[in-house]
Amino acid sequence: MKLTRKQVLAKAKASDLESVKKLNCWGCNLADISIFSQMANIEVLTLSVNSISSLSSLAGCLSLSELYLRRNKIPSLSELSYLRPLTRLRVLWLAENPCCGTDSLLYRLTVLRCLPRLQKLDNQVVTEDELALALMQGKEVTTPPGSVQNQLCTNGLADAETENDPLNYNMEETNKIREELGMKLLSRDKFPSLSSPATRENKASLKKTHTVDAILLLLKDLDEEELHIVHTATQNRLQTYTLDSEIQTDSLQTQKSVDVQH
């Protein structure tokens, strides 16, 4: 069943779609929710117990803070990519959908990696430790195969080697970012041209540089709560490196001892 404008206005007791802030469509046998592409101001939306399989129509609901989707037909967690632009989304209930799979921990960590601003998932409060773990163990959510974004990539219009890649800045753009951050500017000899032959190592090194620049620039837009999340994740990551280093040191010392004994 398709949710219509008339049904929305009747349920919300409103005169126009723009004024609808809350809507409850629990158990309405809905499959088509394309009407929400016209409802940018919706804040709380209940769509549990329906037959919804795509979340693409929700990508423009930038005011959405609570979304209830329990017991629908969402096939894959890739549908969560449509919720990434919703920076105000804090509550999501997605349980009892096919996309949840059988590994409840992996499912939860993957959702939180994709949507790290969530404060409650499936009626359970999200902790900072979970968010930190999600960054390391959660799977990366990719764009659904049939989406417009994916079609662009297939057609070569958003290939990673083209100018559309957010990490593929030219030298001027990169140095502009670094100057704003108070970092040392890159010299031309350390910035190979994208059009000239370059080794795989150079490209990998350049991409790492861009990644660091992008992360540092994004930090300026994060609030205190989000900075704490990043801080916790960074500490956990550093502890992993420290542990690996200690293991390698112990291994070398053990080997030296064995060599001396022989």
Side-chain angles (χ1 to χ4, degrees), residues 20-26 33 36-37 39-50 52-144 147 149 166 214-215 218-237:
V20 178
K21 300 293 181 64
K22 295 183 180 182
L23 187 66
N24 188 340
C25 293
W26 190 95
I33 55 171
F36 291 114
S37 61
M39 299 177 61
N41 297 324
I42 189 76
E43 296 177 1
V44 179
L45 183 56
T46 300
L47 294 171
S48 296
V49 193
N50 281 291
I52 299 165
S53 59
S54 175
L55 303 180
S56 59
S57 299
L58 301 177
C61 299
L62 302 182
S63 298
L64 198 60
S65 61
E66 297 183 24
L67 178 59
Y68 302 91
L69 290 164
R70 184 177 63 86
R71 202 183 301 176
N72 271 280
K73 296 183 179 180
I74 300 169
S76 168
L77 290 178
S78 62
E79 290 294 324
L80 294 178
S81 63
Y82 295 118
L83 304 184
R84 279 188 178 129
L86 312 186
T87 57
R88 297 182 183 179
L89 187 63
R90 294 294 181 269
V91 177
L92 175 65
W93 200 329
L94 193 63
E96 298 179 65
N97 273 278
C99 64
C100 298
T102 56
D103 190 333
S104 58
L105 177 59
L106 180 60
Y107 149 73
R108 189 172 176 86
L109 294 179
T110 299
V111 174
L112 294 178
R113 176 175 176 174
C114 180
L115 304 172
R117 290 183 174 87
L118 288 180
Q119 296 177 352
K120 184 178 286 189
L121 173 61
D122 295 339
N123 206 33
Q124 292 183 19
V125 174
V126 175
T127 66
E128 286 191 7
D129 288 342
E130 274 187 308
L131 288 172
L133 192 61
L135 290 174
M136 294 184 288
Q137 297 185 13
K139 287 188 176 181
E140 183 177 356
V141 172
T142 56
T143 307
S147 69
Q149 295 96 321
I215 291 172
L218 287 170
L219 288 177
K220 298 169 62 177
D221 296 327
L222 301 182
D223 58 25
E224 184 178 358
E225 177 187 350
E226 292 163 341
L227 285 171
H228 277 302
I229 293 171
V230 174
H231 178 66
T232 301
T234 304
Q235 282 186 318
N236 289 344
R237 186 67 174 164

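Heads up: numbering here begins at 1 and tracks the sequence.
Note that CG of Leu45 and CE of Met39 are 7.5 Å apart. Values are rounded to the nearest 0.5 Å. Atom CG of residue Leu133 and atom CG of residue Leu109 lie 5.0 Å apart, to the nearest 0.5 angstrom. The distance from the CD atom of Glu66 to the NZ atom of Lys22 is 7.5 Å, given to the nearest 0.5 Å. Here the SG-CG distance, from Cys114 to Leu77, works out to 8.5 Å after rounding to the nearest 0.5 Å. Taking CD from Gln119 and CG from Leu131, the interatomic distance works out to 10.0 Å, rounded to the nearest 0.5 Å.
With a 4.5 Å cut-off on side-chain heavy atoms, Leu62 and Thr87 do not count as touching. Residues Leu64 and Phe36 form no side-chain contact, since every pair of their non-hydrogen atoms from C-beta on lies 4.5 Å or further apart. The closest side-chain heavy-atom distance from Leu121 to Leu115 is not below 4.5 Å. Here the side chains of Ile33 and Asn50 are not in contact, with every heavy-atom distance at 4.5 Å or above. At a threshold of 4.5 Å between non-hydrogen side-chain atoms, the residues Leu67 and Leu86 do not count as touching. Thr110 places none of its side-chain heavy atoms less than 4.5 Å from the side chain of Leu80. Residues Ile52 and Asn97 are not in side-chain contact: their nearest non-hydrogen atoms beyond the backbone lie 4.5 Å or more apart. Side chains of Tyr68 and Val44 form a contact here, defined as non-hydrogen atoms less than 4.5 Å apart.
A donor-acceptor contact shorter than 3.5 Å is absent between the side chain of Ser65 and the backbone of Arg90. A donor-acceptor pair under 3.5 Å is formed between the side chain of Asn24 and the backbone N or O of Trp26.
The heavy-atom pair separating Thr142 from Ser78 by the smallest distance is O-CB, 3.0 Å. When all heavy atoms are compared, the tightest approach of Glu140 to Arg113 is N-NH1, 3.8 Å. Heavy-atom minimum distance, Ser56 versus Glu79: N-OE1, 4.2 Å. Across Pro75 and Ser53, no two heavy atoms sit closer than the pair CD-O, 3.2 Å. Shortest non-hydrogen contact noted between Ala59 and Pro85 is O-CB, 4.0 Å. When all heavy atoms of Ser48 and Leu69 are compared, the pair lying nearest together is OG-N, 3.8 Å.
Heavy atoms of other residues, nucleotides or ligands lying less than 6.0 angstrom from CZ of Arg84 number more than 12.
With sequence neighbours left out, Lys21 forms a side chain to side chain contact (heavy atoms under 4.5 Å, CB included) with Asn41, Glu43.
A side chain to side chain donor-acceptor pair (under 3.5 Å) check over residues 98-108, counting only residues at least two apart or in different chains, returns the pairs Tyr107-Asp122, Arg108-Glu130.
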